[in-house]
Amino acid sequence: MSVRCKYFSAYSVFVIILGIAPIFNSSVVHADRRGSSAQDEYDDHQNMMNQLGIRQLRPGANPNNQSTFDEATANPYKDSMPDVLTMKDGTKVTSPAQWPKRRAEILEDFEREVYGRIPPDAPRVTWEVTETTNGNSAGIPTVTKTLVGHVDNSAYPDITVNIRASFTVPAGVKQAVPIMLEFGFGGFFGGRRGRQSGPSWTEQAISHGWGYGFINPGSIQPDRGGMSLRQGIIGLTNKGQPRKPDQWGALRAWGWGVSRLIDFFEANPDAGVDPKKVGIEGVSRYGKAALVTAAFDERVAVTFVASSGEGGAKLHRHIFGEAVENLTGRGEYHWMTGNFLKYGASDPCMTAADLPVDSHELIALCAPRPCFISYGVLPGDPPWVDAHGSFMAGVLAGPVYKLLGKKDFGTPGDYLTDPMPPVGKLIGGELAWRQHEGGHTSEPNWPAFLEWVGRYIKAPPLPQPLAPTPARPAATPG
Ligand code: GCU
């Protein structure tokens, strides 16, 4: 047993004595045919542990208990931090021409061990526009289309998946517009956290000549483990059977839905959206999903990652706030691929230090495209997010942006010692960082984001406001 596993077993015993046990139970209660309630013994989390030969997982620490974390001891795994610009065979990446090969290595590791693979035969989606409405946003006339993406379920008709999305563009613009898509919180588009006074982000986007849209993650894949992983798009592709260890989790499934929406924009120029200028934004679990979406689909032009934490922009190897062990528990494992459970296991023991990749490499997969990493501040943005752990990841991703001729955070470049900028100050170029003074939300960062993204992605001018209709001259009598 390695030193780090000994440390963890002592820690696990301590946690168990305290009586902190997993609180989520993924077993499913359903009514049987006779109308009585029966306990379905199927346990998906245990099933995955069995497939992987895991006998025990480490319980996660309370990610919100600040007193248990200490910056001075938060980097016990720094020696195993993968170098984003060193190939697996040890070759140093020194020119942009070498990057695609290194990128492919990193992508493969993230697919197999962290977020999972999308089945090569994932079904087609046929988009239907169910409603078109004229409206106005911030006084600018708009057109909104509501969409349903019907996923072909002919291979397994027992599961139906209809992706729900909507998008709005300023009306009467001569050219196609850039658009920001948001993973809608609360299971439906339009729901979001941290609503403020003043113009909403959607009004701000329209005023900048951008479109905005929402995609409903739950309509792609439920945000739950257990039986739910045998439903949604993941269940459909597995014909209702459990996942294999390297298959996709919910974060990739949600990203897959966004990719299908980009297909729609590509195939429908009359939608008025430039498919080469589609951005994605999300908060919290959807901040993770936004980063994953952009990392894997190079058609995503820009990413706005808000309060994403562990599984998103935060370094897995930074032991502060939420950690691998929290995401391998029953409540959150469904976001990840099955293989990810191995890194939270005490028997056989593996830790974050054994991961072949870390989140700086996920950010690097977005290079050279603009990526805006953001947080709020404590206490509104809770301790588990570990903004510093994401700042460190951004610093470590910087060399890839620079290799590709772009600007990184512009800090000295030592992730262990680089100071974070003051709250409210945006730093960086194509790779940017900003903390706002609010909580667990992206809202206060939208003005800064829209100003920043305008440096890299241009929107066509909005039509001139219609001149007021001149008063008719009075009819001449006679
Ligand atoms: C929990 C979870 C986080 C997640 C968040 C959310 O706090 O631990 O990892 O991001 O929920 O998405 O709301």
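These numbers come from a predicted model, not from an experiment. Remember, it's 1-based here, ligands and their atoms both numbered in the order they're listed.
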Discussion item. With salt bridge (Lys or Arg N to Asp or Glu O under 4.0 Å) as the rule and sequence neighbours excluded, what pairs involving residues 109-120 come up?
Written reply: Lys88-Asp109, Glu108-Arg112, Glu108-Arg117, Asp109-Arg112, Glu111-Arg117, Glu111-Arg252, Glu113-Lys342, Arg117-Asp246
Worksheet item: Is the Phe391 ring parallel, tilted or perpendicular to the Phe409 ring (thresholds 30°, 60°)?
Response: parallel
Under 3.5 Å, which donor-acceptor pairs link side chains of residues 447-455 to any protein atom two or more places apart or in another chain?
{"unit_1": "Trp452", "atom_1": "NE1", "unit_2": "Gly429", "atom_2": "O", "d": "2.7"}

Worksheet item: Any chance the rings of Trp384 and His440 have centres within less than 6.0 Å?
Response: yes
Item to complete: Output yes when the distance from some N or O of ligand 1 to some N or O of Glu322 is under 3.5 Å, and no in every other case.
Response: yes
Worksheet item: When you look for heavy atoms under 4.0 Å from ligand 1, do you find them on the side chain of Tyr286, its backbone, both, or neither?
Response: neither
Fill in: His440 N/O under 3.5 Å from ligand 1 N/O
no
Item to complete: State the atoms of ligand 1, each with its element, that fall below the 4.0 Å cut-off from a heavy-atom position in Glu332.
Response: 1 (C), 2 (C), 8 (O)
Discussion item. I'd like to check which ligand 1 atoms, numbered from 1 as shown, lie under 4.0 Å from a non-hydrogen atom of Ser284.
Written reply: 4 (C), 5 (C), 6 (C), 10 (O), 12 (O), 13 (O)
Item to complete: Kindly check if the number of other-residue, nucleotide or ligand heavy atoms within 6.0 Å of CD (Glu71) is above 12?
Response: yes
Item to complete: May I ask you to check whether Arg285 has an N/O atom sitting below 3.5 Å from an N/O atom of ligand 1?
Response: yes
